[in-house]
Number of protein chains: 2
Amino acid sequence: MLLIGELARRTGTKVETVRFYEREGLLPPPKRTAGNYRAYSNRHLNRLSFIRRARDLGFTLDQVRELLDLADDANRSCAAVDAIASTHVAEIDRKIADLNALREELVRLLDQCEQGTIAHCLILDALAPAGLEGTAHRRDVSAPDPGRE
Amino acid sequence: MLLIGELARRTGTKVETVRFYEREGLLPPPKRTAGNYRAYSNRHLNRLSFIRRARDLGFTLDQVRELLDLADDANRSCAAVDAIASTHVAEIDRKIADLNALREELVRLLDQCEQGTIAHCLILDALAPAGLEGTAHRRDVSAPDPGRE
DNA sequence: TATCCACCCTGTATCCACTAGAGGGTCAAG
DNA sequence: CTTGACCCTCTAGTGGATACAGGGTGGATA
């Protein structure tokens, strides 16, 4: 009933992405019209909406596949779904912690910066390796000549 | 002076990654030994250390390239470096905000879950599209048969 | 009927930053 | 003379799409 463009529009998906999900086996291949256009049903619409919501919540395509498999079997325990979501929250927590640490480090560098010249730039100093010896300047990350030394 | 394995070990990089940085133009090609092994100098070591630190702080390879270019020109203002770092902090802030929103949504779902069967799983319900009509169950994201209407 | 245009098709390449593997060469020790 | 650790080049794969080339379809308009 729906052509791919309309399906894409209704689910906030790009047309290429819909075809990509078909190739990946997440969305079953629909019937075709006489002109070889994909003709989608409401069930396809529902399934694609589910996929998009799960992706928006950050689930990987593999996790989405698992969730869809679980949803197909109404009698199984909800525990497996819970486990996937819990794992996902733990991953998110780890990412947030990593980003916070990074942010702190960068802000610390920025706070030190007094807008001088590169030669005295504290940000670059912080990036440069510690304990250089015997070079012209204590921070020297300039490109060695190809094939040098 | 250093073979690639030793350089990699000292900078916490994989050997393949060192070669990758060379292909990408971040690390200049070193001299070769008689047996065609890459022979690195201390300048290479410094430069690779810089690259790794910047990457650890989440800068993209393009940003690293920019930072290295800036570091090469000691007389320029530090402002450009500051700008790159500030942009990066803003990106991190956006990512953290996104992840926090995601996390909240997922935890809300998990809190509702009462470990029943899939048929009554609130997590799956939350993922399923709103306003379904005329199907056997109000949530139906099961795979339509290939080629089915 | 011709032409236009929006839409659809398949197939392939691209993005990022690596990582892995095939298939082989080098070099020092035993 | 063989073992084994290291090195080489080249190619392909990861995730999750996105973009494009080169063509077909179908409805409205001139």
Side-chain angles (χ1 to χ4, degrees), chain A residues 1-27 29-40 44 47-48 50-68 87-88 91-92 95 98 102 146-147, chain B residues 1-27 29-40 44 47-48 50-68 87-88 91-92 95 98 102 146-147:
Chain A
M1 304 299 204
L2 297 167
L3 294 188
I4 197 169
E6 180 65 10
L7 181 73
R9 201 189 54 71
R10 289 212 208 167
T11 54
T13 314
K14 299 213 175 182
V15 166
E16 295 89 346
T17 306
V18 177
R19 289 195 279 246
F20 166 73
Y21 288 156
E22 183 179 320
R23 279 201 302 284
E24 290 296 301
L26 285 156
L27 197 60
K31 276 197 327 185
R32 298 294 182 115
T33 66
N36 199 31
Y37 288 9
R38 287 172 178 82
Y40 292 100
H44 286 101
R47 196 170 172 95
L48 180 54
F50 183 100
I51 294 168
R52 294 306 293 178
R53 292 214 199 182
R55 289 288 302 128
D56 285 348
L57 286 170
F59 289 101
T60 66
L61 285 188
D62 272 350
Q63 287 173 323
V64 174
R65 249 181 281 266
E66 275 191 85
L67 288 171
L68 283 168
T87 300
H88 189 35
E91 281 164 16
I92 290 172
K95 282 185 196 167
D98 286 353
L102 229 78
Chain B
M1 304 300 206
L2 299 165
L3 295 188
I4 197 169
E6 180 66 9
L7 182 73
R9 202 190 53 72
R10 289 212 206 166
T11 54
T13 314
K14 298 210 175 182
V15 167
E16 295 89 346
T17 306
V18 177
R19 289 195 279 247
F20 167 74
Y21 288 157
E22 183 178 319
R23 279 200 303 284
E24 291 295 302
L26 285 156
L27 198 60
K31 275 197 327 186
R32 298 294 182 116
T33 67
N36 198 32
Y37 288 9
R38 287 172 178 81
Y40 293 100
H44 286 101
R47 195 171 173 94
L48 180 54
F50 183 100
I51 293 168
R52 293 308 292 179
R53 292 215 199 181
R55 289 287 304 129
D56 285 348
L57 285 170
F59 290 101
T60 65
L61 285 189
D62 272 350
Q63 287 172 324
V64 174
R65 247 181 283 265
E66 275 190 85
L67 289 171
L68 283 168
T87 299
H88 189 36
E91 281 164 16
I92 290 172
K95 282 185 194 165
D98 285 355
L102 228 78

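Hydrogens, waters and symmetry mates play no part in the numbers below; they use all other heavy atoms, side chains included. Note on naming: letters A, B, ... go to the chains in the order of the sequence lines (proteins, then strands), and numbering restarts at 1 for each one.
Bending across the helix from C:dT1-D:dA30 to C:dG30-D:dC1, expressed as the angle between its end axes from five pairs apiece, amounts to 30° (10° rounding).
The pair A:R10-A:E6 meets the salt-bridge criterion, with a side-chain N (NZ, NE, NH1 or NH2) lying under 4.0 Å from an Asp/Glu carboxylate O. A salt bridge is absent between B:R19 and B:E16: the closest approach of a Lys/Arg side-chain nitrogen to an acidic carboxylate oxygen does not fall below 4.0 angstrom. Between A:D98 and A:K95, no side-chain nitrogen of the basic residue sits less than 4.0 Å from a carboxylate oxygen of the acidic one, so the salt-bridge criterion is not met.
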Item to complete: List the steps, then state whether side-chain contact (heavy atoms from CB on, under 4.5 Å) holds for A:T60 with A:Q63.
Response: CA-CA 5 Å; A:T60 66; A:Q63 287 173 323; 3.3 Å; yes
Practice prompt. Any chance you could lay out the salt bridge (Lys or Arg N to Asp or Glu O under 4.0 Å) test for B:R53 and B:D56, step after step, and finish with the verdict?
Written response: CA-CA 5 Å; B:R53 292 215 199 181; B:D56 285 348; over 6 Å; no
Discussion item. Pair A:R38, A:H44 - check side-chain contact (heavy atoms from CB on, under 4.5 Å), show working.
Written reply: CA-CA 11 Å; A:R38 287 172 178 82; A:H44 286 101; over 6 Å; no
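Between B:T33 and A:R23, the residue anchored nearer the 5' end of DNA chain C, judged by the nucleotide with its closest heavy atom, is A:R23. Each of B:Y21 and A:E16 was matched to the nucleotide of DNA chain C holding its nearest heavy atom; the match closer to the 5' end belongs to A:E16. For the pair B:G35 and A:G35, nearest-nucleotide mapping onto DNA chain D gives the more 5' position to B:G35. Take the nearest nucleotide of DNA chain D for A:T17 and for A:A34: the residue whose nucleotide is more 5' is A:T17.
When only modelled atom types and interatomic distance are considered, A:R52 and A:Y21 share a side-chain donor-acceptor pair under 3.5 Å.
Regarding B:R19, its CZ atom lies at a distance of 13 Å from the C1' atom of C:dA22, rounded to whole Å. Between B:R55 atom CZ and C:dC18 atom C1' the separation is 9 Å, expressed in whole Å. Nucleotide C:dG25 holds its P atom 17 Å from the CZ atom of B:R38, rounded to whole Å. Going from atom CG of A:N36 over to atom P of C:dC9 covers 7 Å, rounded to whole Å. In this entry the distance linking CZ of B:F59 with P of C:dA17 reads 13 Å, nearest Å.
Proximity of B:K14 to the phosphate of C:dA20: a side-chain N or O atom is located under 4.0 Å from OP1 or OP2.
As judged by a 4.0 angstrom heavy-atom cut-off over every strand, B:R65 is placed among residues making no nucleic acid contact.
Rounding to the nearest 0.5 Å places CZ of B:R23 at 9.5 Å from OG1 of B:T17. The CG atom of B:L48 sits 5.0 Å away from the CG atom of B:L7 when rounded to the nearest 0.5 Å.
The shortest distance between side-chain heavy atoms of B:R55 and B:L61 falls below 4.5 Å. Taking the side chain as every heavy atom from C-beta outward, B:L68 and B:V64 approach each other to under 4.5 Å.
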Where do N or O atoms of nucleotides 3-7 of chain C meet protein N or O atoms at under 3.5 Å, pair by pair?
none

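Between chain A and DNA chain D, the heavy-atom contact criterion of under 4.0 Å yields a 5' to 3' nucleotide range of D:dG16 to D:dG26.
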